[in-house]
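For reference, the structure discussed in these notes is given below.
Below, each value reflects all heavy atoms present in this structure, side chains not excepted, and no hydrogens, waters or symmetry copies. Because the structure is predicted, anything quoted here is derived from the model rather than measured. In each ligand, atom 1 is the first atom listed, and ligand 1 is the first ligand listed.
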Amino acid sequence: MSTNLSEGGSRGADEPPNPSNLKQFQSAGRGFWSHVSDADWNDWRWQLKNRITSLEQLQRLMPTLTPEEHAGTMLANSKLALAITPYFFNLIDPADENCPIRWQVIPRVEETHTALWEMSDPCAEDSHSPVPGLVHRYPDRVLFLVTDRCASYCRYCTRSRLVSNASGYDFHPDFERQIDYIRRTPSVRDVLLSGGDPLLLSDEKLENLLGRLREIPHVEFLRIGSRIPIFLPQRVTPALCAMLKKYHPLFMSIHSNHPRELTTEVREALGRLADAGIPLGNQSVLLRNVNDDLTTMRALMQKLLMCRVKPYYLYQCDLIAGSAHLRASVRKGLEIMEGLRGHTTGYAVPQYVIDAPGGGGKVPVNPEYVLSRNADRVVIRNFEGRIFEYPEAADGTPLVAAPREIEEPELV
Ligand code: SF4
């Protein structure tokens with residue numbers, strides 16, 4: 001088993017992560033699959049075909065499975081399926097029960113514990129769907145679900161009611177009706193393809209969808225949300241990139257939660273997408289035991305920039321049923337944001353958001369930098385905790401003089 005990644009980021013309970021290890025780019029290695037040919041290993045379809053999907057496989061590859069993981073895996077296929085690509089499996093440190101990769105993809109028995117406030121559809125997507133598979137919550141954009149399959153399944157997935165079909169949701173997108181709705185709704189200028197993972201579609205199928213959406217005159221902007229560059233970088237082939245670049249403006253949001261996920265393979269895949277002119281953003285979920293400390297989060301954000309990806313959102317984990325063991329507190333999220341803003345490159349600072357339970361949409365959550373505000377002045381503090389006043393200007397009225405009590409001339 002390859003453990004060449006195990007030094008960077010696995011945490012014992014009292015062991016802080018090592019920032020310089022976290023920021024190194026390493027290959028995931030071959031691990032148990034050293035006998036596999038390069039052609040197979042680098043073939044995304046081979047990776048999908050050889051995913052770890054059963055308790056038997058998992059036990060064989062990882063005899064260190066804990067009782068919680070064993071019980072969770074036995075129950076997984078009635079809730080959210082188990083699937084891990086061989087490539088991504090190699091990032092797990094089998095010797096470390098607290099391995100941040102392991103916590104994201106190996107089921108745990110805690111998934112069966114549901115708190116009163118947890119939901120199967122915390123963002124109320126189903127009640128905002130004018131046609132099946134299309135979520136229209138915000139005025140000018142829609143979420144277009146194209147599949148219920150992913151390369152691997154994240155145990156905290158907000159769409160776990162639907163993805164993998166383990167709980168019998170039976171999702172069948174109807175592309176004709178979805179596209180027809182967009183065509184008939186001129187306010188929709190932005191379409192986000194998601195799922196499941198849209199990059200699991202063949203190039204031909206994906207191109208057909210992108211081409212049909214591009215033909216709609218009021219659709220200005222296309223986006224793809226995908227975790228494939230992280231779970232299955234082999235899928236990001238030159239042919240896929242050449243196809244995608246025909247449909248600009250096309251943005252892509254990837255999903256990465258821990259710096260160890262950013263391997264040399266991932267960096268190369270993201271480079272291919274960036275070279276195709278696709279602006280890349282990252283969405284992370286704040287997860288207990290995975291990335292809920294400043295050192296790890298800062299390393300992730302800085303490493304994303306090194307991969308040409310702008311950190312976009314940091315999500316407070318949704319109230320998805322059975323996710324309490326993975327949910328970090330909002331207090332922790334604010335503490336991390338406080339430690340990023342001003343302390344590192346502005347591009348490396350994502351927007352921390354809570355997707356308001358029940359379908360309220362994304363609400364930005366920020367540490368308090370405005371201490372007070374009235375008609376004359378705003379009192380603010382900076383990242384170092386120093387306090388400043390900014391004289392308020394009446395709308396449309398030029399500010400002619402700074403109030404005398406301002407003590408910091410560089411502010412004016
Ligand atoms: S890749 Fe996205 S949709 Fe798929 S399981 Fe993970 S979070 Fe859910």
Keeping waters out of it, list the protein N, O or S atoms under 2.8 Å from atom 8 (Fe) of ligand 1. Cys157 SG
Taking the side chain as C-beta and beyond, is there a heavy-atom pair between Asp355 and Tyr315 under 4.5 Å? yes
What pairs of residues pass the ring-ring contact (aromatic ring centres under 6.0 Å, His included) test when at least one of them lies in residues 260-295, not counting sequence neighbours? none
Please, which pairs that meet salt bridge (Lys or Arg N to Asp or Glu O under 4.0 Å) have at least one residue in residues 328-349, sequence neighbours excluded? Arg331-Glu335, Lys332-Glu335, Glu338-Arg381
Lys/Arg N to Asp/Glu carboxylate O, Arg212 vs Glu176, below 4.0 Å: yes
ring-ring contact (aromatic ring centres under 6.0 Å, His included) pairs, two or more places apart, involving residues 105-141: His136-Tyr181
Atom 2 (Fe) of ligand 1 - nearest protein heavy atom and its distance: His255 ND1, 4.4 Å
Determine whether a donor-acceptor pair (N or O, by modelled atom type, separation under 3.5 Å) exists between the side chain of Glu261 and the backbone of Asn257. yes
